[in-house]
J.: 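I am attaching a structure below and will ask some questions about it afterwards.
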Amino acid sequence: MIDHKKIEQAVMLFLEGIGEDVCREGLKETPERIARMCGELYGGMEEDAAVHLSKTFSVDSSEMVIEKDITFYSTCEHHILPFYGKVHIAYIPDGKVVGLSKLARAVEVFARRLQLQEQLTGQIADALMESMQPKGALVMIEAEHMCMTMRGIKKPGSRTVTLAKRGVFETDSALEERFFRMMRAER
């Protein structure tokens, strides 16, 4: 649960720590604004992806389903700086599919937490496997990290790509190849 008062106190200490005057006009309401923002950015801590992924529909097909280019924004737990990009999800249904918007909602649950991209990728794949019980799931994330762009090495435009394979995607390389062919289509 987000504690707005603690966040406001921490922001005031931070501002004082960098030499700012917390009483100046432009900063007077900043601690409160940051606390509200934290409720929005880190609200995924209080959510369960299974709630979204439980809305399924019966199907006869077991053909690959891909939802690509799901935009996400998250925060790196190492530097508390944003990273953002696209999530691509594939799964092989085993008698049921999930509403397409529910995949994006599941991504949001995990992205709205302090995160590591590698962890985020696995969490999404695991949630799909646990909630939908497909034959397999594959999640790929391409993201730019502000900790690489605005500090440290300062290399804007560099992207980190992570991949998590579960179920049949772990053992059937032809399925993985098909995923990558479909990803390249119409890009």
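Numbering starts at 1 and runs along the sequence shown.
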J.: If you define the side chain from C-beta out and look only at heavy atoms, does anything of F179 sit under 4.5 Å from I66?
T.: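 Side-chain contact under 4.5 Å: yes.
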J.: Do the side-chain N and O atoms of K155 and T149 include a donor-acceptor pair separated by under 3.5 angstrom?
T.: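 No.
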J.: M150, I153: one ILVMFWY side-chain cluster at the under-4.5 Å cut-off?
T.: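 The answer is no; the residues belong to distinct hydrophobic clusters.
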J.: Could you go through V98 and L128, starting from their C-alpha distance and side-chain angles, then the distance that decides it, and tell me whether this counts as side-chain contact (heavy atoms from CB on, under 4.5 Å)?
T.: CA-CA 10 Å; V98 68; L128 291 168; 5.6 Å; no
J.: F72 and F83: aromatic ring centres closer than 6.0 Å?
T.: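 Yes - the distance between ring centres of F72 and F83 falls below the 6.0 Å cut-off.
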J.: Under 4.5 Å between any side-chain heavy atoms of T56 and V97, yes or no?
T.: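 When only atoms from C-beta onward are counted, V97 and T56 do not touch, as no gap falls below 4.5 Å.
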J.: Short question: side chain of E8, backbone of R33 - any donor-acceptor pair under 3.5 Å?
T.: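 Such a contact is absent between E8 side chain and R33 backbone.
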J.: Counting N and O atoms only, with roles assigned by atom type, does the side chain of S54 sit under 3.5 Å from a partner on the main chain of V51, one being a donor and the other an acceptor?
T.: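 Yes; at least one donor-acceptor contact below 3.5 Å.
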J.: Do the non-hydrogen side-chain atoms of T75 and Y42 ever get within less than 4.5 Å of each other?
T.: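 Counting from C-beta outward, T75 and Y42 do come under 4.5 Å.
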J.: Between S62 and K135, does a side-chain contact (heavy atoms from CB on, under 4.5 Å) hold up when you go through it step by step?
T.: CA-CA 8 Å; S62 61; K135 294 177 182 177; 3.4 Å; yes
J.: Nearest 0.5 angstrom please: H4 NE2 to I34 CD1, how far?
T.: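 Going from NE2 on H4 over to CD1 on I34, the span is 12.0 Å.
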J.: Drop me the distance from T121's OG1 to D126's CG, to the nearest 0.5 angstrom.
T.: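 Reported value, rounded in 0.5 Å steps: 10.5 Å.
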J.: Check the pair R36, E32 against salt bridge (charged side-chain N to carboxylate O under 4.0 Å, His left out), reporting the backbone distance first and the verdict last.
T.: CA-CA 6 Å; R36 283 194 315 269; E32 183 182 326; 3.0 Å; yes
J.: So if I apply the side-chain contact (heavy atoms from CB on, under 4.5 Å) rule between K68 and each of M182, M183, M140, which one comes out positive?
T.: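 By the side-chain contact (heavy atoms from CB on, under 4.5 Å) criterion, K68 pairs with just one of M182, M183, M140: M183.
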J.: So which atom in A49 and which in A127 form the shortest heavy-atom distance, rounded to 0.1 Å?
T.: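 Between these two residues, the closest heavy atoms are CB-CB, 4.2 Å.
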J.: Assess whether salt bridge (charged side-chain N to carboxylate O under 4.0 Å, His left out) is satisfied between E170 and R166, documenting all intermediate values.
T.: CA-CA 6 Å; E170 294 176 286; R166 304 292 187 265; 5.3 Å; no
J.: I'd like to know if F57 and M132 are part of one continuous hydrophobic network [Ile/Leu/Val/Met/Phe/Trp/Tyr, side-chain heavy atoms within less than 4.5 Å].
T.: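 Yes, M132 connects to F57 through the hydrophobic network.
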J.: Looking only at heavy atoms, what is the nearest atom pair of E176 and F169, with distance?
T.: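 Reported closest heavy-atom pair: N-CD2, 4.2 Å.
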J.: Between Q117 and T162, is there a side-chain donor-acceptor contact under 3.5 Å, judged purely by atom types and distance?
T.: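 Their side chains do contain a donor-acceptor pair, which is all the 3.5 Å distance test asks for.
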J.: If we ignore hydrogens and angles and just use 3.5 Å, is the side chain of Q115 paired with the main-chain N or O of F110 as donor and acceptor?
T.: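 It does hold such a pair.
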J.: Is there a side-chain contact between R112 and E47 in this structure, where contact means two heavy atoms from C-beta onward sitting under 4.5 Å apart?
T.: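 R112 reaches E47 side chain to side chain.
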J.: Show the nearest heavy-atom pair for residues L53 and S131, with the distance to one decimal.
T.: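 Smallest heavy-atom distance, with atoms named: CB-CB, 3.6 Å.
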J.: Kindly give the heavy-atom pair with the smallest separation between M64 and L175, and that separation in Å.
T.: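 Looking at all heavy atoms of both residues, the shortest contact is CE-O, 3.5 Å.
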J.: Roughly how far, to the nearest 0.5 Å, is CD1 of I124 from CD of E108?
T.: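 With rounding to 0.5 Å, CD (E108) is 9.5 Å from CD1 (I124).
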J.: I need the L81 CG to R151 CZ distance, nearest 0.5 Å.
T.: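 Between atom CG of L81 and atom CZ of R151 there are 7.5 Å.
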J.: With a 4.5 Å cut-off on side-chain heavy atoms, are V139 and L163 touching?
T.: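 Answer no - side chains too far apart.
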J.: What is the minimum heavy-atom distance between V65 and P93, and which atoms define it?
T.: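 Closest approach of V65 to P93: CG2-CG, 3.9 Å.
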J.: Hydrophobic clusters here meaning ILVMFWY residues chained together by side-chain heavy-atom distances under 4.5 Å, can you tell me if I80 and V11 are in one?
T.: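 Yes, because I80 and V11 connect within a single hydrophobic cluster, where side-chain heavy atoms sit under 4.5 Å apart.
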J.: With rounding to the nearest 0.5 angstrom, report the SG to CE distance, C38 to M45.
T.: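 If I round to the nearest 0.5 Å, the distance is 12.5 Å.
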J.: If you measure from CD on E77 to CG on L120, what distance do you get to the nearest 0.5 Å?
T.: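 Here the interatomic distance stands at 11.0 Å.
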J.: Can you tell if the side chain of V87 reaches within under 4.5 Å of the side chain of I89, non-hydrogen atoms only?
T.: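 The answer is yes, as the side chains (C-beta and beyond) meet within the 4.5 Å cut-off.
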J.: So for atom NZ, which belongs to K28, do other residues, nucleotides or ligands contribute more than 12 heavy atoms lying within a distance under 6.0 Å?
T.: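 12 or below, so no.
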J.: Side-chain contact, heavy-atom cut-off 4.5 Å: H88 with E142?
T.: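 Result yes, sub-4.5 Å side-chain heavy-atom pair found.
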J.: In the structure I gave you, are the side-chain heavy atoms of L27 and V22 within less than 4.5 Å of one another anywhere?
T.: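 No, too far: nothing below the 4.5 Å cut-off.
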J.: Linking I/L/V/M/F/W/Y whenever any side-chain heavy atoms sit under 4.5 Å apart, do F14 and M12 land together?
T.: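 Both belong to a single hydrophobic cluster.
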J.: For the residue pair M148 and S158, what are the closest heavy atoms and their distance?
T.: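 Taking every non-hydrogen atom into account, CE-OG, 3.7 Å.
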J.: Among the clusters formed by ILVMFWY side chains lying less than 4.5 Å apart, do I70 and Y73 turn up in the same one?
T.: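 No: no chain of side-chain contacts under 4.5 Å links I70 to Y73.
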J.: Is it true that a side-chain atom of R159 and a backbone atom of A143 form a donor plus acceptor pair closer than 3.5 Å?
T.: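 Not at all, since once roles are kept as given, no pair shorter than 3.5 Å links the two residues.
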